[in-house]
Each structure stands twice: as structure tokens, then as C-alpha cells.
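These notes concern the structure reproduced below.
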Amino acid sequence: MASWVSDSLIEPWQLIAEQQAAQNIEGQYGATASFIGSMRDFSDRTDIKKMVLEHYPAMTSRYLEKLEDTARQRWPLLNCLIVHRVGEVHPGDAIVVIACWSAHRRAALDACDWLIEELKYKAPFWKKEFTDDGGHWVSGNTDGH
Amino acid sequence: MASWVSDSLIEPWQLIAEQQAAQNIEGQYGATASFIGSMRDFSDRTDIKKMVLEHYPAMTSRYLEKLEDTARQRWPLLNCLIVHRVGEVHPGDAIVVIACWSAHRRAALDACDWLIEELKYKAPFWKKEFTDDGGHWVSGNTDGH
Amino acid sequence: MLSSNFKLAETINQMSIQVKFFASLREKLGQSDMELTAATTAQDAWNQATQNKPVPDNLLVAINLDYAKLDTPLQDGDEVAFFPPVTGG
Amino acid sequence: MLSSNFKLAETINQMSIQVKFFASLREKLGQSDMELTAATTAQDAWNQATQNKPVPDNLLVAINLDYAKLDTPLQDGDEVAFFPPVTGG
């Protein structure tokens with residue numbers, strides 16, 4: 001179980017593979033569900049050049065740990081990973097990585113789905129998009145988007 | 001979009017990373033959802049040493065392609081990957097890899113969840129587990145397990 | 001002339017139906033592939049191929065790589081497969 | 001004796017409340033961190049820190065790193081944060 005923020009580029013598949021290798025649960029997990037959120041070059045605006053992610057560091061740490069704890073209380077997870085980018089990101093860069101390991105598939109799939117929804121609506125991160133016209137704060141997340 | 005069976009060890013995160021790199025959709029996808037099914041060393045039986053996966057090759061190819069087509073009709077997916085092991089697998093080995101890419105998260109998450117459920121109930125693969133007592137055909141998949 | 005017509009009729013009536021068994025069913029029956037020269041339905045193919053063994057609970061049937069039913073009619077060139085519930089993923 | 005008691009009272013009444021603003025709110029108000037010496041509730045802290053600016057729609061409040069409400073009472077040493085809807089993930 002681990003959660004952290006990163007202020008530099010992350011390699012989602014490598015992070016997940018490393019987390020999987022770091023825990024001695026081989027032969028126990030039958031299911032790994034993951035979600036990666038990446039930066040697109042368009043949103044309500046087109047031609048987005050970069051994005052800056054601000055957060056509330058002390059609250060973020062506390063919130064991500066609480067999220068993992070709650071997920072592990074609700075589902076029989078063997079392992080869990082949450083990594084979120086902050087700072088400057090570019091189109092194609094990963095913004096968030098979530099992975100859940102469990103014996104059976106329903107726990108990993110449902111926990112992963114729940115984690116990204118919770119994180120989207122409550123974790124204290126804010127995105128500012130930059131186009132050639134300057135910066136614009138993203139106003140809010142919408143359902144499933 | 002790609003689906004195939006492999007008769008040798010697969011590296012899930014590497015396969016997903018390669019599929020992602022192979023398609024020129026960077027900046028378009030905001031969401032990647034994946035599911036990996038791995039072999040456990042226990043089921044109804046304990047101490048499983050290995051498993052042999054049999055399939056119906058011509059039907060498998062056709063079925064997996066149809067699955068992907070159906071998923072792409074139901075959800076706005078940018079890319080999709082399904083890889084399934086056959087032959088001899090050992091505890092910890094990946095058995096199935098599913099990944100879905102979409103602009104927004106709900107499509108990727110829901111399509112991935114749907115694909116693994118459909119595949120579990122309909123794709124013509126069969127598992128035979130081997131313990132020190134010999135081989136036993138797995139009798140059926142159960143809900144979310 | 002008569003004998004040539006008789007041969008033609010024989011050729012027309014002769015079908016080729018491929019029958020396949022998989023997994024536990026293949027092992028129990030001790031056979032994986034066979035060819036029938038005539039069969040009206042999947043059930044008929046099963047009866048001929050297994051010498052009228054009872055149909056197992058949960059038997060799955062595919063005709064030409066798509067799921068089908070035991071009463072689905074067969075045509076010349078069809079491939080019919082019988083197998084137990086699938087356990088992939 | 002009198003002067004010493006007076007100082008003690010002053011010390012007791014003096015609180016330390018940390019106030020933080022994030023993202024668009026931080027930029028609009030032109031301030032990110034400040035300290036108040038007294039505040040009864042999160043709303044009171046907002047009023048003092050913004051010179052009674054109206055509370056924006058959808059304002060979120062956290063006290064000591066947990067979500068809270070504007071009428072949540074504050075205690076000495078609390079950290080109260082104000083920010084717009086979150087947009088991570």
C-alpha cells in the first residue's frame with residue numbers, strides 16, 4: 001500500500017510493475033485493476049500546451065492515505081497504489097495512477113473505480129490549463145469525465 | 001485495437017505500454033483502464049503447482065475480435081488490447097491482459113469491466129489445475145471471482 | 001446411365017460435418033476431432049459422435065465458431081463443437 | 001500584580017489561526033497564507049482574511065486537513081483552508 005505525489009514525469013506501467021514486485025504477494029493475487037489518467041491536448045479549450053497542477057500538500061498526503069484505508073476496509077485488497085502528479089505536465093503525460101490487487105476480480109475492479117471517483121471529487125488538486133492565450137483554471141470535474 | 005493468444009509468458013505492463021506507444025493517440029486519451037488476471041497458487045484446492053490452459057483456437061480469435069468490436073460500438077474507445085495465455089502457466093503468471101483507452105474515464109473503466117466479464121463467461125478457454133495429486137479441470141467461473 | 005445417376009445421388013447426400021470436443025469433455029470421451037458424413041442437428045451430431053451418450057449438464061455448443069443450440073440444424077461443411085463451461089480469464 | 005494578570009489574560013485570548021487559500025481563489029485574492037490572532041468559525045476567519053468579501057459559490061473549506069463547514073468553530077492552533085472545487089485525477 002502506497003500513495004504519493006510526484007513533481008516530475010511518471011511512468012505508470014513501470015510504477016505499477018515496481019509496486020507489484022515490491023510486495024511479496026505473488027500467487028495470492030488473481031486480479032490487478034488499474035486506472036491511468038493522462039493529459040489531453042484539448043478540453044473545453046483546444047490546443048492546450050501545458051497544465052500546472054497545484055495541490056494542498058499536507059491535506060493531499062492525509063487524504064490519499066485515508067482513501068487507501070477506506071478502500072481496504074470496503075474491499076479485500078492485497079495491495080494498492082495511488083500516485084498523482086503535481087507541477088507542470090504536458091499532453092500525453094500521466095496525471096494519476098491507481099492500481100489495486102486482490103484475490104478475485106470484483107474487489108480490484110470495484111475498488112479501482114471507486115478510488116478514481118473519490119479522488120476526482122475530493123482530493124485537493126487543481127488544474128490550470130495553458131493555451132497561447134494564457135492560463136485558465138479548470139472549473140470542475142464532471143461525471144465520468 | 002488488437003487481440004491475440006500467447007503460448008508463452010507475457011509481461012502485462014510491457015504489452016500495455018507497447019500497445020499504447022504503437023498507436024498515435026497521445027494527447028487524445030485521458031483515461032486508460034486495465035485488468036490483469038493472474039494465476040494464484042490456490043483455488044478450491046491449495047498448493048497448485050501449475051495450470052494448463054486449453055482453447056478452441058479458431059473460435060477464440062473470432063470471439064475476441066467480436067468482443068472488441070462490440071465494446072467499441074458500445075463505448076467511445078480510442079484503443080483496446082486483449083491478450084490471453086494458453087498452454088502451461090505457473091503461479092504469479094499473467095493469464096489475461098485487458099486495456100482500454102478513451103478520452104474520458106467512464107468509457108475506459110466500464111468497457112474494461114465489461115470485457116473481462118464477457119470473456120470470463122464466453123471465451124472458449126479451459127483451465128486444468130495440477131497439484132501433487134494430479135490434474136483437475138476447473139469447473140466454472142463464479143460471479144466476480 | 002442408371003449407374004451414373006445412382007452415384008450422383010450418393011454424392012449429393014454425403015455431407016461433411018466436423019465434430020470437435022474440448023477440455024474435460026475431450027478427455028472423458030477420449031476423442032477430440034471426428035468427421036460425420038451426415039447430421040441433421042447438433043444433437044444428431046452429438047448422438048452419432050458419442051454413440052448416444054447422455055448430454056452433460058451445462059454442455060455448450062458452437063457451430064462454425066458461434067454459440068448455437070442442440071436443435072440448430074446443420075449444413076454440409078459445418079463445424080460443430082461441444083465443450084464444458086468455459087473457465088478462461 | 002495587576003499588570004501581570006492583565007498580560008496573562010491577553011495571552012489566553014490570543015489565538016493562532018493559520019488561513020490558506022488555493023488555486024483560483026489564491027490568485028483572485030492575491031494571498032495564499034495568513035495568520036489570524038482570533039476567529040470563532042471558518043466563516044469568521046474568511047471574513048477577517050478577505051475583508052468581508054462574499055463567499056464564492058462552491059467554496060470548499062478544510063480545517064486541520066479535513067473537509068469542514070463555514071460554521072465549524074475554530075480552536076487555537078487550527079489551520080483553515082479555503083479553495084474552489086477540486087480538479088485532480
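Residue numbers start from 1 in every chain, and the chains themselves are labelled A, B, ... in the order their sequence lines are given, proteins ahead of strands.
Closest approach of B:Leu119 and C:Gly88 over heavy atoms only: CD2-C, 4.4 Å. For the residue pair C:Pro85 and B:Ser139, the shortest heavy atom distance occurs at CB-O, 4.1 Å.
Using a 4.5 Å cut-off on side-chain heavy atoms (C-beta onward), B:Met59 and C:Tyr67 make contact. At a threshold of 4.5 Å between non-hydrogen side-chain atoms, the residues B:His55 and C:Phe22 do not count as touching. Side-chain atoms of B:Trp126 and C:Pro84, non-hydrogen and from C-beta on, do get closer than 4.5 Å to each other. By the 4.5 Å heavy-atom criterion applied to side chains, C:Asp66 and B:Arg62 are counted as neighbours.
Atom NZ of B:Lys122 is surrounded by 12 or fewer heavy atoms from other residues, nucleotides or ligands within 6.0 Å. Within a 6.0 Å sphere centred on CD of C:Glu35, other residues, nucleotides and ligands contribute more than 12 heavy atoms.
When heavy atoms are compared at a cutoff of 4.5 Å, C:Ala23 approaches chain B by way of both its backbone and its side chain. Contact annotation for C:Asn58: neither backbone nor side-chain heavy atoms come within less than 4.5 Å of a heavy atom of chain B. Within the 4.5 angstrom heavy-atom criterion, only side-chain atoms of B:Lys128, from C-beta onward, approach chain C. Heavy atoms of B:Ala58 lying under 4.5 Å from chain C belong to its backbone as well as its side chain.
The OG1 atom of C:Thr87 lies 8.5 Å from the NZ atom of B:Lys120; values are rounded to the nearest 0.5 Å. Note: C:Ser24 OG to B:His136 NE2 = 13.5 Å, rounded to the nearest 0.5 Å.
Distance alone, capped at 3.5 Å, places no donor-acceptor pair between the B:Lys127 side chain and the C:Val86 backbone.
The aromatic rings of C:Phe83 and B:Tyr56 stand perpendicular to each other, their planes meeting at an angle above 60°, with 30° marking the opposite boundary.
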